[in-house]
Structures are given as C-alpha cells and as structure tokens.
Amino acid sequence: MSLKIAVMPGDGIGVEIVAEAVKILNHFKNSGRLDIEMTEAPVGGAGYDAAGKPLPDETLALAKSCDAILFGAIGGVQYDRLPRELRPERGLLALRSELELFANLRPAILYPQLAEASSLKAEVVAGLDIMIVRELTGGIYFGEPRGIETDANGERKGFNTMVYKESEIDRISRIAFEIAMKRNKRLCSVDKANVLEVSELWREVVTKTAGDYPEVELSHMYVDNAAMQLVKWPKQFDVIVTKNMFGDILSDAAAMLTGSIGMLPSASLDANSRGMYEPIHGSAPDIAGKGIANPLATILSVAMMLRYSLDHAELADEIESAVGRVLDKGLRTADIMAAGCKQVGTEEMGEAVLAEL
Ligand code: IPM
Ligand code: MG
C-alpha cells in the first residue's frame, strides 16, 4: 500500500518552498523508488481563507489519516488582527496537539561550505552538530488556566500556566536519551530549576529516566546560561532536551549559529514515529512571492521524513549529499550568499538539488 503524505504549504514563502520539496518526492516516486500518494490541504492563513479557520476540519482529518505531513510555514500580516483563535499560528499548534506530536527534533548542523555565513567566528561554529529535542505539546503553550481577565477595578491581567506531568517529561526525555545513544552520548537538559517548581520536577524526572541510559552522560543547565553557552562555545553540546518554550527560543539561537535559519529542517513526532516535517523558519511575508526564499530547509525536512517516518534512510542520505554537492558548486540563495558564489532563486536551487539526485 502507498504511503500517504499530506502536503500543507500554508502561507507566505511556504507555498514556494514546499513546491520544490514536492518535486524531490515526485522524483523518487516517478523513478519507482518510493511508493507514495500526496494530498494537499490548506492550513494557517490559507485555511482561514478557504474554510474560515486555521485548521479546517478536512485538513485535520487528512492529517490524521496520513503517514507523514510536509508542512511549509504559516502567518501573514493580513491575519494579525483576527481574534486569537483564528490566527494562523493556532492551526499549527492545533495540529501538533491533535496529532500528539510531542517530540520536536531540531538539528543545528553547520555545512562546512557555509562556515562564513555565520555571524560567529568560523572556529566557533566549524563542525557544529547539535540536536535540540523540544517538548512540543505541553508546557506554557498549552497549560490551563490561560487568558486575559479584567478585575473589579477594571485592570486587565494576562496569564498562562507552565505545567508538566511526570509522564510528559519522561517520554520526551526518553526520546532525547535514545537520540543521544545514536550520537555522542551526551545529553544536556535545560531548565529553570532555580526558580520554577515545574522545572524542579523536570530535572528530577529526567535524572530518574537517566537510570535507564547509563551510557549517556547527563548534565543540567539553566536556560539563561544555556543561551549564553550556545553563542559562546556551541560545540560543547551534543543533544539538548528542553521544554516547549525554552526550546522555541534556543532553537532559533542555535539556527543562527549555522548561518541561516533557511537551512534547518525539523521533525515533530508522535509516540509511533508518525510525524510532521517542516523548515524551522517562518512564512517570511517580506520576501514571499519573490522567488528568492531558500528551499533547502524544506528539502532537508523531506530527508528527515524519509528517515524517521517512511523508513527510507537511503533516500534521505541521497538528498543530504545532493544538497552538499549543490553547495560545493557555489550555488547560494540570497540568505546564504557569499563572495565568489552564484546567487540563485528558489526554483533554481530546487532544480539544482534535483539534478544531483
Ligand atoms: C516554531 C514557531 C512556532 C512556535 C509559532 C509559529 C507558533 O515559532 O515552530 O518555533 O512558537 O512553536
Ligand atoms: Mg519558533
């Protein structure tokens, strides 16, 4: 039976970059190496335009029936003044939560060809290879109570709740330990246990789970220090595991270490390795429709999909090495452009990867 893939371009540059990634999937399909069936569906602002909400019922039903989802990006200025529950971001958060995609893997890898693109000194980032494991369906993003209320004096207050159950901490830390086992066997758990009770419990549970992974060297770090260490000497990290919000922030910082957020893929997995794959960058309304966005993060997300959900690691390897060769040839989109290289647009970059396969 064919593997079913839901394709959700979303908004802004999502449309352009997903188109290039789909070409790669079609290439494998047409050459008989991948038996897939792709179905497209609107999400985010596109979902609101099509069906009046950021996660239309049909899109959710499709997502639930698929083996994997290829996701572009969501958001646009035209949606910023909608009520909160209709904003594009809610579509993405609802997908994560409805499908229980609790494990978000965000690798930050520096391609040697791009060492100069980082704003940090080349020696600080050369050879960088970090995996951030971000908890994605809990914490302050989803905790109750939440809201904005007006008190008796007419003053408003806004509030959210950062909450984690032991089972939630245990399952995300197990994923992180498993990944560490396949890498350099070092795991750093990032929390704020000096201030927050929820972090105290986090630290306790991660430490207990570590008992099942005696080969992994576990360390703990406060999130403020982790932010500093990431820009000071990022190569001290192998795998990082952290809560939803800390992971959101640290993964953007880690991305920039590699020169461009336009290069980094991500996977969001459930307990059975069913997953959603998306570039970690956003919809970039400022450059949408111009044909200049970097499609490589989305193309590399397809590689992650092949590896983690579709059991085709050999095709994932092929995509990753094709991307390396394209960079070797000096082709660059605007975001990673450097002296002596040739600047290309979204489509040209996609075609160049295709030509290497
Ligand atoms: C991310 C994004 C999302 C998040 C937004 C778009 C809701 O920043 O995937 O990192 O905060 O999780
Ligand atoms: Mg983010």
### Message
Return the CG to CG distance between L196 and L201, rounded to the nearest 0.5 Å.
### Response
12.0 Å
### Task
Walk me through it: do T346 and K290 pass the test side chain to side chain donor-acceptor pair (under 3.5 Å)?
CA-CA 9 Å; T346 310; K290 295 188 178 156; over 6 Å; no
#### Entry: Contact check, side chains of F237 and L250, non-hydrogen atoms, under 4.5 Å
no
### Query
Should E320 and R307 be marked as a salt bridge (Lys or Arg N to Asp or Glu O under 4.0 Å) after you check the CA-CA gap, both sets of side-chain angles, and the distance that decides it?
CA-CA 11 Å; E320 285 160 0; R307 179 170 292 122; 3.0 Å; yes
### Task
Look up atom CG in D191 and atom CZ in F246, then write down how far apart they are to the nearest 0.5 Å.
7.5 Å
### Message
On a heavy-atom basis, which atom in G76 and which in S283 lie closest, and how many Å separate them?
### Response
N-OG, 4.5 Å
### pair Y213-E178: side-chain heavy atoms closer than 4.5 Å
yes
Atom pairs and distances, donor-acceptor, side-chain atoms in residues 109-120, under 3.5 Å, two or more places apart:
unit_1, atom_1, unit_2, atom_2, d
Q113, NE2, G324, O, 3.1
Q113, NE2, D328, OD1, 2.8
S118, OG, L120, N, 3.1
S118, OG, L257, O, 2.9

## Note on the structure
Rounded to the nearest 0.5 angstrom, the CG-CG distance for D252 and L230 is 11.5 Å
### Task
With rounding to the nearest 0.5 Å, note down the distance linking NE2 in H220 to CG in L187.
8.5 Å
### Close side-chain approach of L264 and T258, heavy atoms under 4.5 Å
yes
### Query
Considering only heavy atoms from C-beta outward, does the side chain of V223 approach that of I249 to under 4.5 Å?
no
### Query
Using 4.0 Å as the upper bound for N to carboxylate O, is an ion pair formed by R183 and D129?
yes
### Query
Considering residues, nucleotides and ligands other than E100, do more than 12 of their heavy atoms fall under 6.0 Å from its CD?
no
#### Entry: Worked verdict on D238 versus I130 for side chain to side chain contact (heavy atoms under 4.5 Å, CB included)
CA-CA 5 Å; D238 178 21; I130 300 177; over 6 Å; no
### Message
M263 vs L327, test: side chain to side chain contact (heavy atoms under 4.5 Å, CB included). Steps then yes/no.
### Response
CA-CA 11 Å; M263 291 296 298; L327 295 174; 4.1 Å; yes
Name each donor-acceptor pair under 3.5 Å that joins a side chain in residues 4-25 to protein atoms two or more places apart or in another chain, with its distance.
unit_1, atom_1, unit_2, atom_2, d
D11, OD1, G45, N, 3.3
D11, OD1, A46, N, 2.8
D11, OD2, G45, N, 2.7
D11, OD2, G75, N, 2.8
E16, OE1, G291, N, 3.1
E16, OE2, G289, N, 2.5
E20, OE1, K23, NZ, 3.1
E20, OE2, K23, NZ, 3.2
K23, NZ, E351, OE2, 3.1

### Query
Any side-chain heavy atom of P42 sitting closer than 4.5 Å to one from T59?
yes
### Message
Salt bridge or not between R96 and E278? Use side-chain N to carboxylate O under 4.0 Å.
### Response
yes
### Query
What distance separates I36 CD1 from D67 CG, expressed to the nearest 0.5 Å?
10.5 Å
### Task
Using a strict 4.0 Å threshold on nitrogen-to-oxygen distance, state whether D170 and K208 make a salt bridge.
no
### Query
So Y79 and D49, side chain to side chain contact (heavy atoms under 4.5 Å, CB included) or not? Walk me through it.
CA-CA 10 Å; Y79 308 110; D49 291 339; 2.6 Å; yes
### Query
Any link between L101 and L3 through a network of hydrophobic side chains (Ile, Leu, Val, Met, Phe, Trp, Tyr) touching at under 4.5 Å?
no
## Note on the structure
Shortest non-hydrogen pair, A334 vs Q343, comes out as CB-NE2, 3.3 Å
#### Entry: Cluster link I132 to L92, ILVMFWY, side chain under 4.5 Å
no
### Task
Please name the pair of heavy atoms, one in M131 and one in P107, separated by the smallest distance, quoted to 0.1 Å.
SD-N, 3.6 Å
### Query
In terms of side-chain geometry, is the basic nitrogen of R174 or D212 positioned less than 4.0 Å from the acidic oxygen of its partner?
yes
### Message
Counting C-beta onward and ignoring hydrogens, is there a side-chain heavy-atom pair between P88 and Y48 closer than 4.5 Å?
### Response
no
### Task
Applying salt bridge (Lys or Arg N to Asp or Glu O under 4.0 Å), run through E98 and K64 and close with a yes or a no.
CA-CA 9 Å; E98 288 280 343; K64 285 186 168 166; 3.3 Å; yes
### Query
To the nearest 0.5 Å, how far apart are OG in S167 and CD1 in I172?
12.0 Å
### Query
If you measure from the Lys or Arg side-chain nitrogens to the Asp or Glu carboxylate oxygens, is any gap between K329 and E356 under 4.0 Å?
yes
### Query
Regarding R134 and the six-membered ring of Y141, is the cationic atom NZ or CZ under 6.0 Å from the ring centre and inside 45° of its axis?
yes
### Task
Would you indicate whether E347, at its atom CD, is surrounded by more than 12 heavy atoms from other residues, nucleotides or ligands within a distance under 6.0 Å?
no
#### Entry: Minimum side-chain heavy-atom gap L99-M276 below 4.5 Å
no
### Query
In terms of hydrophobic clusters joined by side-chain contacts under 4.5 Å, are I240 and V205 together?
yes
### Task
Check for a donor-acceptor pair, side chain of N30 on one end and backbone N or O of N26 on the other, with a separation under 3.5 Å.
yes
### Message
Taking the basic N atoms (NZ, or NE/NH1/NH2) and the acidic carboxylate oxygens, is any pair closer than 4.0 Å for K192 and E197?
### Response
no
### Query
Is the number of heavy atoms from other residues, nucleotides or ligands under 6.0 Å of Q236 CD greater than 12?
yes
### Task
Check ring pair (Phe, Tyr, Trp, His ring centres under 6.0 Å) between Y164 and all other residues, then give those that pass, not counting sequence neighbours.
W202
### Query
Is there a chain of hydrophobic side chains (I, L, V, M, F, W, Y, each step under 4.5 Å between heavy atoms) that links L136 to L70?
no
### Task
Would you mind reporting whether K235 and L128 have side-chain heavy atoms less than 4.5 Å apart?
yes
